[in-house]
Number of protein chains: 2
Amino acid sequence: MSPASSPRRAQSGTASRILDVAEQLVQVHGFNGFSYADVSAELGIRKASVHHHFPTKLDLAAHLIERYQRRFAGALARIENASPDAQAALASYAALYGEAVRRDRLCLCGMLAAEITALPRALRTRLRGFFDENEAWLARTLERGRKSGALSFTGSPAAQARLLLSALEGAMLVARAYRDAARFEATTAMLLAGMAARQRRRGGRQR
Amino acid sequence: MSPASSPRRAQSGTASRILDVAEQLVQVHGFNGFSYADVSAELGIRKASVHHHFPTKLDLAAHLIERYQRRFAGALARIENASPDAQAALASYAALYGEAVRRDRLCLCGMLAAEITALPRALRTRLRGFFDENEAWLARTLERGRKSGALSFTGSPAAQARLLLSALEGAMLVARAYRDAARFEATTAMLLAGMAARQRRRGGRQR
DNA sequence: GTCTATAGGCAGATAGAC
DNA sequence: GTCTATCTGCCTATAGAC
């Protein structure tokens with residue numbers, strides 16, 4: 001099988017490996033915190049070779065955001081399929097972020113949101129697209145949970161989705177200062193527990 | 001009155017103005033996103049003059065964190081005095097962050113948490129100190145609200161305080177992508193509404 | 001596609017005159 | 001305390017050989 005028949009968008013092995021390394025570097029150090037030299041050193045190639053695949057740093061950023069969003073969308077779709085239970089779906093969603101925290105990473109788009117002034121207008125729009133997509137997925141899941149009686153929360157599903165996304169991004173951010181993944185997990189658990197439906201009369205599992 | 005008799009820590013006018021400018025630059029562009037040249041240009045002095053007051057960029061960062069935390073602590077104390085009502089205190093707390101958002105800024109310590117790998121161990125500790133202090137204040141306020149019956153939330157006040165802080169930091173972060181202060185305000189309002197006590201039987205103001 | 005070589009600029013930081 | 005001048009190094013990016 002030729003590389004050209006890859007699932008989506010033919011891309012040389014090197015380009016893909018550059019994206020892997022750059023993604024990690026951005027999530028750990030920020031867009032302004034890494035250089036082409038870091039990427040090339042990690043891969044054992046020269047800086048010029050990196051520029052061959054991604055001429056400018058903003059080209060690199062654009063591809064990073066695009067790939068990240070595409071992968072995230074895939075993960076969300078898989079969760080939706082695998083978890084008819086809305087509460088379980090939310091827990092899986094949070095676990096997605098938890099894995100990044102465990103690897104000392106911030107969400108790629110969260111990091112870029114902090115450094116937004118370094119990005120041109122086009123990339124800012126793409127960044128919003130990522131958050132929009134996440135919020136839409138969360139809103140759908142929340143609505144499903146509310147209808148099934150598994151979830152209980154204030155306001156509209158869309159508004160609650162925004163809050164949920166913000167809380168998770170913030171929990172990742174703050175957890176960095178403590179380098180403590182457990183802290184993130186605990187905060188996330190609280191968040192989800194807070195919107196689990198609390199049954200008052202029937203003897204459901206009330207903790 | 002001589003400058004030496006300033007409220008705390010004698011500091012020349014220039015040093016203070018450097019901190020003002022640097023603080024804004026960090027909150028808007030990040031620690032890795034500004035330079036001594038930016039600071040000096042804004043103040044109309046030379047780079048060497050900035051280095052005279054703060055020899056290294058990390059010296060500058062240390063003073064920024066220290067001053068920010070001191071000012072924040074002052075603001076929290078004032079809120080505590082002015083608002084016997086816990087719910088009002090939390091709203092004032094959120095408004096503190098809201099003002100930063102309106103000026104296109106991230107919380108100084110939130111931004112530095114994102115760029116934590118650029119900071120030496122000592123500064124990471126100071127950063128944690130800021131978050132610890134905020135969480136402690138929030139936990140006290142939450143406990144007060146719960147006891148008075150004004151607030152209702154899951155888990156311990158300390159755990160809820162962490163969640164609240166994370167959510168606010170995250171809401172600031174995400175709001176940057178949209179450059180929309182209203183988005184932050186709405187998310188904050190939801191957050192506070194979610195833990196306002198919902199009276200079930202007495203005809204309290206239920207929306 | 002990778003390399004060597006290099007341009008051109010800006011970064012953080014220092015020495016020493018005024 | 002501010003200045004001029006300068007150092008050294010790294011940054012992003014490009015030209016052109018292999």
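Naming: A, B, ... by sequence-line order, numbering from 1 per chain.
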When you measure from the side-chain N and O atoms of H52(A) to the phosphate of dT2(C), is any distance below 4.0 Å, counting only OP1 and OP2?
no
Indicate the atoms forming the closest heavy-atom contact of R176(A) with Q27(A), along with that distance.
NH2-O, 3.4 Å
Euclidean distance, atom [atom1] of residue [X] to atom [atom2] of [N] [Å, nearest integer]:
| X | N | atom1 | atom2 | value |
| --- | --- | --- | --- | --- |
| L60(A) | dA13(D) | CG | C1' | 14 Å |
| L58(A) | dC11(D) | CG | C1' | 14 Å |
| H53(B) | dC3(D) | NE2 | C1' | 12 Å |
| K57(A) | dT14(D) | NZ | P | 15 Å |

Residues in contact with DNA chain D, drawn from residues 29-39 of chain A - heavy-atom cutoff 4.0 Å:
F34(A), S35(A), Y36(A), A37(A)
What nucleotide, of dT2(D), dA13(C), dT2(C), holds the atom closest to the side chain of T14(B)?
dT2(D)
Given the rule in the side chain to side chain contact (heavy atoms under 4.5 Å, CB included) test, do Y68(A) and L19(A) qualify, once you have shown the distances and angles that lead to the verdict?
CA-CA 10 Å; Y68(A) 191 79; L19(A) 290 177; over 6 Å; no
Main-chain N/O of K57(B) paired with Y36(B) side-chain donor or acceptor, under 3.5 Å:
yes
Side-chain donor or acceptor of D59(B) paired with backbone N/O of T56(B) under 3.5 Å:
yes
First encountered from the 5' end of DNA chain D, between S49(B) and H51(A)
S49(B)
Is there a residue in residues 41-48 of chain B whose heavy atoms reach under 4.0 Å of DNA chain C, and which residues are they?
K47(B), A48(B)
Got L96(B) and I79(B) here, is their nearest side-chain heavy-atom distance under 4.5 Å?
yes
Measuring from atom [atom1] of [X] to atom [atom2] of [Y], what distance do you get when rounded to the nearest 0.5 angstrom?
| X | Y | atom1 | atom2 | result |
| --- | --- | --- | --- | --- |
| L112(B) | I65(B) | CG | CD1 | 5.0 Å |
| R128(A) | E135(A) | CZ | CD | 12.0 Å |
| E115(A) | L106(B) | CD | CG | 11.0 Å |

